[in-house]
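For reference, the structure discussed in these notes is given below.
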2 protein chains.
Amino acid sequence: MSNALCGTCPNRDVGFCAHGIAERRFRIVRRGQLITAQNEPSQEVFVLCEGWAAQFMALADTRRQILGFLLPGDMLTPTGLVSDRIDCSVLALTDVQVNVSSRAAVATRFEREAWLQRIISESITEKLNETRRLLTIVAQGSAEERIAFLILHLSHRIKRRSVVREERYFFPLLQQHIADALGLTPVHVSRVLASFRARGWMQIYDGVLQILNRQELERIGSF
Amino acid sequence: MSNALCGTCPNRDVGFCAHGIAERRFRIVRRGQLITAQNEPSQEVFVLCEGWAAQFMALADTRRQILGFLLPGDMLTPTGLVSDRIDCSVLALTDVQVNVSSRAAVATRFEREAWLQRIISESITEKLNETRRLLTIVAQGSAEERIAFLILHLSHRIKRRSVVREERYFFPLLQQHIADALGLTPVHVSRVLASFRARGWMQIYDGVLQILNRQELERIGSF
DNA sequence: CGTAGAGTTGATCAAACTCAAGTATGGTGG
DNA sequence: CCACCATACTTGAGTTTGATCAACTCTACG
């Protein structure tokens, strides 16, 4: 359960890494590449060690829906441990390092260690709640509301994982990704972000998000 | 585990009723009433015996998002067994009969019967996949695509539960409910349904949905 | 340099919303 | 039994939000 690489990992106490699920195998995936592909019955379980990724469903044409963003410490497809069918892909948004464990090995541990199954259930439940909130804001909110929501949601998740100063956050998303998550076009995302910037609410520059007026963003982007 | 009322229930082999989770207590809820309310820490577990219900999140103003429709045999809030926080309400769409079990009793059985926890995990995973598909069609699809998707999705679920003849389905939803599930206005739902009717694809009359051209609906409403 | 990718900005367009007035239906009380 | 009302649905006219199309800038990189 101890692990040479994980031993020095800054995320060792975060997410699934904290539960000692990981084996010692790793894989590097370049920005823009798929980590797992849709409809591919997975024999492996992945935990994200470094970098960001996005889970998405592809439609018949070029449209795609980003279902959620994955940060270091997140398990890529916890549902793969419960059901065989994985119906979404995972895309590396930055260069990424993932920890690879065999599904069979994790499944075997399930039998003996009930708390482990409980952890997975809780994680899937949290994913469900997150997805419901995203659905709600996408279905009910304007473009401004959706974008404010996403910015706040991500800043919150980053804050839980690392120390944040002066409301400045590591933020590798392209406007294209924001658009794919919220059901908007990149062009319109650009316009809304420009207007938030002009109002002095926030800015994204060179991969860094800076929140300048959280209160106004929350007024727009909360339920 | 045997149960006087459940013994004659037409849904006894369907959903959670088939797993003998239920106790002998029941509750009747009238159409339009809430079965459970948001942010109310539930000490009870409900299984829907009869009628339809809808799970929804309410926003600050009058907007609401329907997260999913519940049919006989469905457990109202399986996530309530995993985490304490329930953040959505359940509304009775018809007069409804629910089976009430104490959460503590079910939790105790979890300890001893691992398969039961597995059933719940699978059910939550399925809910997650369903929600992801809804999110995808709501974010990426036109009003016609969304409505065709929902009609097909519901007809499929009904078919799994009961014998269906001539593509006629019990369908108690109001246009308002379709609108709340898909992020549309009732007015626009009315227009789209009228156009589907005019094209001879489907009709809803007096609580009965009739699908007249499934192929065309699938062309529009599938991924 | 030259090219590709990301973002910006303007002009035009279409899908869906809003507002409003109407019909059809069922239930209720006189 | 009928008059009245509330609720669901329909339909029309005008408006708004966000999409589409296109041109342009900026940066990184070979």
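Letters A, B, ... are given to chains in the order of the sequence lines, protein chains preceding strands, and every chain is numbered from 1.
The environment of CD in A/E144 is crowded: more than 12 heavy-atom neighbours from other residues, nucleotides or ligands sit within 6.0 Å. Within a 6.0 Å sphere centred on CD of B/E126, heavy atoms belonging to other residues, nucleotides or ligands number 12 at most. Surrounding CZ of B/R199 are more than 12 heavy atoms belonging to other residues, nucleotides or ligands, all under 6.0 Å away.
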Sort me out a list of protein N/O and nucleotides 26-30 of chain D N/O pairs below 3.5 Å, or just none if empty.
none

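Ring-plane geometry between A/W201 and A/F196 is classed as tilted, the angle between the planes lying from 30 to 60 degrees on a 0 to 90 degree scale. A tilted orientation is assigned to the rings of B/W52 and B/F69, their planes being inclined by 30° to 60°.
Rounding to the nearest 0.5 Å places CD of B/E145 at 10.0 Å from CZ of B/F223. Here the CG-CD distance, from A/L91 to A/Q55, works out to 11.5 Å after rounding to the nearest 0.5 Å. One finds the OG1 atom of B/T131 at 5.0 Å from the CG atom of A/L128 (value rounded to the nearest 0.5 Å).
A/R191 has its CZ atom 13 Å from the C1' atom of D/dC24, to the nearest Å. In this structure, B/R31 places its CZ atom 10 Å from C1' of D/dA8, rounding to the nearest Å. As rounded to whole Å, 12 Å separates atom P of D/dT10 from atom CD of B/Q203. Put simply, NE2 on B/H177 is 13 Å from P on D/dT7, counting in whole angstrom units. Distance, B/R197 CZ to D/dT10 C1': 9 Å, rounded to whole Å.
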Checklist entry - Going through the distances and angles, do A/E122 and A/K127 end up as a salt bridge (charged side-chain N to carboxylate O under 4.0 Å, His left out)? => result CA-CA 9 Å; A/E122 277 168 12; A/K127 259 263 180 289; over 6 Å; no
Item to check | Pair A/R63-B/T136, side-chain hydrogen bond (donor to acceptor under 3.5 Å, both in side chains): steps then yes or no | outcome: CA-CA 10 Å; A/R63 291 177 287 182; B/T136 301; over 6 Å; no
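Partner A/Q65 forms a side-chain hydrogen bond (donor to acceptor under 3.5 Å, both in side chains) with one of B/Q140, B/R133, B/R132 and no other, that one being B/Q140. Residue B/M75 forms a side-chain contact (heavy atoms from CB on, under 4.5 Å) with just one option from B/L48, B/N99, B/L81, and that option is B/L81.
No hydrogens or angles were tested; on distance alone, nothing pairs the side chain of A/R146 with the base of D/dG18 as donor and acceptor under 3.5 Å.
In this view, B/Q33 satisfies the side-chain hydrogen bond (donor to acceptor under 3.5 Å, both in side chains) rule with no residue, not counting sequence neighbours.
Rounded to 10 degrees, the angle separating the terminal axes of the helix from C/dC1-D/dG30 to C/dG30-D/dC1 is 30°, with each axis obtained from five end pairs.
Under a 3.5 Å cut-off, the side chain of A/H177 and the backbone N or O of A/L174 do form a donor-acceptor pair.
Side-chain polar atoms of B/R214 and B/S155 form a donor-acceptor pair below 3.5 angstrom. Side-chain contact of A/Q210 with A/R168: a donor-acceptor pair under 3.5 Å is present, judged by distance alone.
OP1 and OP2 of D/dT7 both lie 4.0 Å or more from every side-chain N or O belonging to B/Q176.
The stretch residues 132-144 of chain A comes close to DNA chain D through A/S142, A/A143, each having a heavy atom under 4.0 Å from the strand. Against DNA chain D, the stretch residues 179-189 of chain A makes heavy-atom approaches under 4.0 Å through A/G183, A/L184, A/T185, A/V187, A/H188.
Bracketed by its first and final contacts, the part of DNA chain C lying under 4.0 Å from non-hydrogen atoms of chain A reaches from C/dA6 to C/dA11 in 5' to 3' order.
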